[in-house]
Amino acid sequence: MSVAKNEEIIIYRDVHKWYGDFHVLRGVSFTMQKGEVVVICGPSGSGKSTCIRTINRLEDHQKGQIIVDGIELTNDLRNIEAIRRDVGMVFQQFNLFPHLTVLQNVSLAPFWVLKMKKSKAEEVARQLLERVGIPEQADKYPGQISGGQQQRVAIARALAMSPRIMLFDEPTSALDPEMIKEVLDVMKELAQSGMTMIVVTHEMGFAREVADRIIFFDYGQIVEENTPEEFFHSPKHERTKLFLSQILDY
Amino acid sequence: MDETRTRTHTYGDDELPPPIERIPVLRWLKENLFSSWFNAILTIVFAALIVVLLSGLVKWALGARWEVIPANLKLLLVGTYPLEDIWRIWTTLYVISFLVGSAGGSRGGLMRHISMTIALMSVVLAIIPFGWATRGWIIGMAGSTGVGFVLGHFAKGFRRYKHLEISMWVLSLPVTIMLVNGISGILPVVAGRNSWGLMLNVIGAVVGIALSFPIGILLALGRRSELPAIRLICTAYIEIIRGVPLITLLFMASIMLQLLLPANVRPDLLIRAMMTITAFEAAYMAENVRGGLQAIPKGQYEAASAVGLNKLLTTTLIIMPQALRLVIPAIVGQFISLFMDTTLFGFIAILELLHISRSIMGNVQWRGTIFELYVFIGVIFWLACYSMSYISRRIERSLGVGKR
């Protein structure tokens with residue numbers, strides 16, 4: 001998967017964030033190349049979700065610098081809108097729009113934000129539903145399909161904006177075990193197609209197989225940043241070893 | 001999820017249908033009404049009470065002077081509206097039944113159901129011997145509904161037609177009000193506007209609903225705004241209005257505005273009353289809508305932002321449709337109470353149904369017909385309110401598809 005990478009698409013410089021008095025992100029710095037797949041893992045409450053939510057500014061940061069696709073994230077509304085068009089996001093709870101059909105969920109943003117014609121937007125949506133393997137569910141409502149299918153619709157919905165970066169915030173944590181694979185397969189296919197992806201997940205099998213790099217978070221800081229090979233076989237930090245021993249021993 | 005609903009169930013080899021329990025009448029009686037000596041006494045006492053009350057009611061109903069209703073029907077329904085202008089009211093009804101029929105033809109579902117009901121009701125009503133002119137007008141209702149239905153049915157292929165229908169609905173309110181009232185220079189203005197009986201309740205309710213609904217939505221959004229000034233103004237408005245009874249506001253509108261405003265900008269009494277009821281109901285509507293808005297999970301806002309929708313699109317496409325659906329029962333409940341609140345207009349000398357009936361009761365010829373008239377008023381209000389409640393249940397059911 002290591003294609004030619006020379007474009008820095010995400011730059012994080014000493015990013016800090018507080019929720020009230022609570023210091024969630026304590027000086028996070030990293031960069032990502034175009035086409036890279038990065039998995040972020042770590043114990044809950046370590047700030048990993050907050051971290052990826054700052055990339056499309058669902059959360060703001062109070063100190064430091066975040067540059068996404070050449071645009072620095074500030075309070076400027078136009079910048080935020082431009083970045084959200086370039087960054088797709090998939091949530092733990094799917095967050096599909098329950099009052100719209102699957103097809104409408106996917107074609108909504110291309111029609112209203114990209115100003116595509118309705119027929120064109122629906123064509124795009126159908127192609128994407130085909131790509132995530134559920135073209136036959138187009139006219140159902142989210143409440144009528146399974147969790148794994150809902151999450152695949154959510155991926156299609158994000159892809160409909162032709163994003164340059166995809167964010168996944170624990171995409172399989174709310175799924176029944178037998179549905180996890182169908183979602184991971186779609187993500188794997190996406191990674192192989194060259195999409196730049198940041199994935200917060202506890203799926204270590206996926207991390208090992210698909211990630212170019214693994215970032216390990218604890219207490220709002222990056223503890224370790226490593227290739228999957230090194231990360232699983234010879235982790236540098238005691239904290240990483242402890243974490244891995246706790247999640248891999250079963 | 002709920003796949004059982006989308007798949008018809010067939011029983012496998014080792015699966016059995018649930019057992020059906022049949023309870024004989026006598027056992028049901030024993031279990032539910034006479035299970036102990038105390039329950040048996042209660043049953044007998046209440047049965048006796050019901051018999052006494054019902055027989056009294058039937059006896060009164062058989063001897064009541066129901067002729068007061070047909071004799072004053074015109075007065076009750078449209079008050080002092082002049083007979084030579086009554087075609088304007090019929091034309092209004094035709095416009096509306098045409099629009100309902102057209103929507104029924106082009107959209108089907110609930111609208112088709114309503115247009116069928118209108119057509120059927122007019123045919124049934126036309127059997128009653130009102131006099132040939134009136135019966136002709138009533139039959140015309142079925143005709144205009146039918147014409148609308150056929151047109152809607154054949155024009156539904158054009159996407160433009162549905163847009164046209166919506167604009168006709170929006171236009172129908174001001175147009176029909178101008179038609180009924182008259183408009184200076186084009187159609188003579190009808191005098192005696194403040195004593196039009198039931199028609200005033202209907203106009204007051206329709207105008208109140210049509211205006212207080214959007215204003216209420218804006219107030220609800222304003223109360224949740226991030227801008228402190230807007231939030232403060234909307235909150236203050238809602239809390240002040242909700243702290244004052246409607247009747248007080250109506251008195252203020254009828255008397256105080258007279259004193260405060262110079263004569264040449266003083267709006268007509270009926271318009272002041274409608275402005276007041278709109279302002280009043282909008283505050284309650286805002287709180288209903290806000291209740292719905294609060295029930296929408298944060299994830300919906302985040303998902304909408306993440307696909308690039310701005311605040312306006314997020315609100316109109318994602319949040320509001322879900323929020324309103326959640327509070328349909330509360331909103332319809334409020335429409336119903338708004339309709340009944342229009343009877344308060346009578347206290348500021350606007351003779352709507354309730355108060356025009358009181359003037360009939362005061363008439364020597366109809367002395368002692370108080371109950372007959374009140375029963376009639378009750379039936380009219382029940383019919384109107386039950387229809388609203390029925391329609392709301394149908395809407396809820398038809399929107400229920402996408403619920404999770």
Side-chain angles (χ1 to χ4, degrees), chain A residues 52-53 55-59 77-78 80-102 104-114 118 137 139-150 154 156-163 166-167 169 174, chain B residues 1-9 109 157-160 162-163 217 225-227 289 292-329 331 395-404:
Chain A
I52 76 162
R53 287 159 62 89
I55 294 172
N56 64 350
R57 214 171 174 82
L58 290 181
E59 309 277 355
L77 216 61
R78 272 166 308 170
I80 297 173
E81 281 177 12
I83 281 169
R84 283 180 180 161
R85 239 168 280 156
D86 270 1
V87 180
M89 184 153 189
V90 175
F91 300 87
Q92 181 178 356
Q93 299 294 341
F94 328 139
N95 295 345
L96 292 180
F97 307 131
H99 60 304
L100 301 176
T101 63
V102 164
Q104 288 168 334
N105 264 280
V106 181
S107 63
L108 180 87
F111 178 73
W112 288 97
V113 182
L114 301 180
K118 200 176 172 198
Q137 308 291 352
D139 297 318
K140 287 196 182 159
Y141 286 90
Q144 297 169 315
I145 59 179
S146 74
Q149 292 172 329
Q150 289 192 51
R157 176 177 70 179
L159 290 176
M161 292 293 285
S162 322
M166 283 284 282
L167 309 175
D169 187 4
Chain B
M1 304 266 121
D2 39 18
E3 275 177 288
T4 39
R5 238 202 300 159
T6 55
R7 186 206 301 158
T8 49
H9 198 86
F158 306 98
R159 191 141 52 91
R160 287 260 172 77
K162 289 194 177 175
H163 294 191
I217 288 176
S225 164
E226 285 162 14
L227 305 171
V289 174
L293 289 173
Q294 271 167 348
I296 305 299
K298 203 168 139 234
Q300 292 291 308
Y301 291 91
E302 291 180 349
S305 311
V307 291
L309 296 180
N310 61 27
K311 276 198 176 147
L312 181 68
L313 288 177
T314 302
T315 307
T316 52
L317 299 175
I318 307 300
I319 305 303
M320 211 37 98
Q322 295 186 59
L324 291 181
R325 175 177 310 183
L326 287 171
V327 292
I328 288 173
I331 289 176
I395 294 177
E396 271 175 71
R397 210 191 319 157
S398 67
L399 290 179
V401 195
K403 268 199 181 149
R404 42 176 168 198

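Chain A is the first sequence line, chain B the second, and so forth, proteins listed ahead of strands; every chain is numbered from 1.
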Atom of [X], atom of [Y] and distance for their closest heavy-atom approach:
X: A:Arg157; Y: B:Val307; value: CG-CG1, 3.8 Å
X: B:Ala306; Y: A:Met89; value: CB-CB, 4.0 Å
X: A:Phe97; Y: B:Ala303; value: CE2-CB, 3.9 Å

For the side chain of A:Asn95 and the backbone of B:Gly299, is there at least one donor-acceptor N/O pair under 3.5 Å apart? yes

Measure distances from [X] to the heavy atoms of chain B and classify the residue's part below 4.5 Å as side chain, backbone, both or neither.
X: A:Val90; answer: neither
X: A:Leu108; answer: side chain
X: A:Arg57; answer: neither
X: A:Phe91; answer: side chain

Using a 4.5 Å heavy-atom cutoff, which residues in residues 309-316 of chain B come close to chain A?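 Listed by number, the contacting residues are B:Leu309, B:Asn310, B:Leu313.
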
Once rounded to the nearest 0.5 Å, what's the spacing between atom CD of A:Gln104 and atom CG of B:Leu317?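 Output value for this atom pair is 10.5 Å.
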
Determine whether A:Pro98 and B:Gln300 make a side-chain contact, defined as any pair of heavy atoms from C-beta on separated by less than 4.5 Å. yes

